[in-house]
Amino acid sequence: MQVNNQKIVVLGTGGTIAGESASETESLNYQAAQRSIADLLKPISGQTMQGPASIQPFAIEAVQVAQIDSKDMDFEVWRRLAVCCSDHLSRDEVKAVVITHGTDTLEETAYFLSQVIHIDKPIVLTCAMRPANFKDADGPQNLRDALNFAAQARGRGVWLVAAGEIHHSQYVQKVHPTRLNAFDSGEWGAAASVHEDQIKWLKSFEKNKPQSGSNGILKAIDLPEVAQWPWVEIVTHHVQSNGRALSLLVKAGVHGVVVAGTGNGSLSASLKDALLSAQSHGVQVCVASRCNQGPVLPTENHVFKTAGELNAVKTRVALILDLMSKQKKSEADLFESGSPFSI
Ligand code: SIN
């Protein structure tokens with residue numbers, strides 16, 4: 001007999017949620033990534049704190065994928081994480097994947113996974129702003145809320161659950177360096193709230209709901225070895241912006257550049273010229289905004305591709321994946337037309 005959706009798989013990657021400080025009153029000086037995911041799950045699956053009712057029917061399976069501060073997140077871990085999510089979500093008995101992650105680069109990982117996992121089940125990330133041994137640590141409640149949401153969410157989607165809020169990977173970003181509620185989805189707003197185990201979807205989100213899934217064609221299994229991932233940098237436009245840093249990047253072989261433009265993606269004349277020159281050398285250019293809310297709306301003044309609603313760091317992820325898909329397609333075309341090296 002085949003039993004569906006019996007398990008929630010929790011993947012640990014480190015972060016403050018797994019961090020430890022010297023004392024239970026110290027929340028800013030600490031080492032991230034000290035406790036294993038199995039340890040973090042103990043209070044929820046153990047005797048002291050019962051998990052929410054929604055997770056009772058599920059067995060929890062813990063897997064330590066990495067143990068890092070997320071400032072050190074890299075393509076190697078991303079690739080491993082993507083393959084791991086894909087493998088677990090493909091199992092019939094798995095209902096959802098939950099990931100514990102540092103807050104600093106969480107929005108990039110969430111967006112990356114949303115573009116390369118094409119399976120009709122949810123991925124729920126969670127985190128903490130205080131280390132695990134702090135007297136009022138926020139991690140246990142966030143993990144509990146994330147498991148609760150994972151037990152109930154349906155369909156494909158990548159989400160963040162933290163500080164009683166549920167955000168969609170397309171919109172969420174870290175907006176505060178220290179406060180407990182460090183994430184925000186700007187004018188799109190949170191998708192839902194969770195309070196005392198009750199999840200409430202917010203009407204404003206229903207209106208702004210992003211299209212489910214990505215337009216991307218890459219799957220986790222298609223991701224090449226990291227040495228082959230394209231090199232994409234972010235350049236910020238500011239007063240006295242010129243093309244000097246950009247020309248050094250072009251000389252060094254950069255493949256793509258995301259410009260965090262001012263306002264609605266505006267650029268000084270000299271930076272624009274430098275970008276046109278970079279483009280003529282084959283560098284892909286995409287313009288986002290350095291404003292922390294709102295989409296770039298394309299106008300006739302925009303000569304480069306614009307990022308739409310994605311912020312600069314997510315635009316960089318999108319450009320990396322776009323360049324990778326083009327590379328894969330040209331390799332496939334070459335194969336079909338008969339490689340000069342084929343026998
Ligand atoms: C990290 O991103 O791993 C450290 C900071 C945090 O989790 O809040």
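Whatever order the structure lists ligands and atoms in, that order sets their numbers, starting from 1. Predicted model, so just to flag it, every value in this text is computed and none were measured.
Side chains of V258 and V235 form no contact here, defined as non-hydrogen atoms less than 4.5 Å apart. Contact of the T103 side chain with the S70 side chain is not registered, since no non-hydrogen atoms from C-beta on lie closer than 4.5 Å. Between V98 and V9, every side-chain heavy-atom pair lies at or beyond the 4.5 Å cut-off.
For R244, the CZ atom sits in a loose shell: 12 or fewer heavy atoms of surrounding residues, nucleotides or ligands are nearer than 6.0 Å.
Within the 4.0 Å heavy-atom criterion, neither part of A182 lies near ligand 1.
Considering backbone and side-chain N/O of D69, one or more are found under 3.5 Å from N/O of ligand 1. Checked against a 3.5 angstrom limit, the closest N/O atoms of T103 and ligand 1 fall inside it.
Close approach of ligand 1 to T16 is summarised as follows: ligand atoms under 4.0 Å from at least one heavy atom of the residue are 4 (C), 5 (C), 6 (C), 7 (O), 8 (O). Within ligand 1, counting atoms from 1 as listed, the ones closer than 4.0 Å to a heavy atom of G102 are 1 (C), 2 (O), 3 (O), 7 (O). Those atoms of ligand 1 with a heavy atom of S70 less than 4.0 angstrom away are 1 (C), 2 (O), 3 (O). Near D104, with a cut-off below 4.0 Å to any heavy atom, the atoms of ligand 1 are 2 (O), 4 (C), 5 (C).
Side-chain atoms of T262 and H237 include a donor-acceptor pair closer than 3.5 Å.
In this pair, F149 and W159 present their aromatic rings perpendicular. The plane angle is above 60°, beyond the 30 to 60° band.
At least one heavy atom of A128 sits closer than 4.0 Å to an atom of ligand 1.
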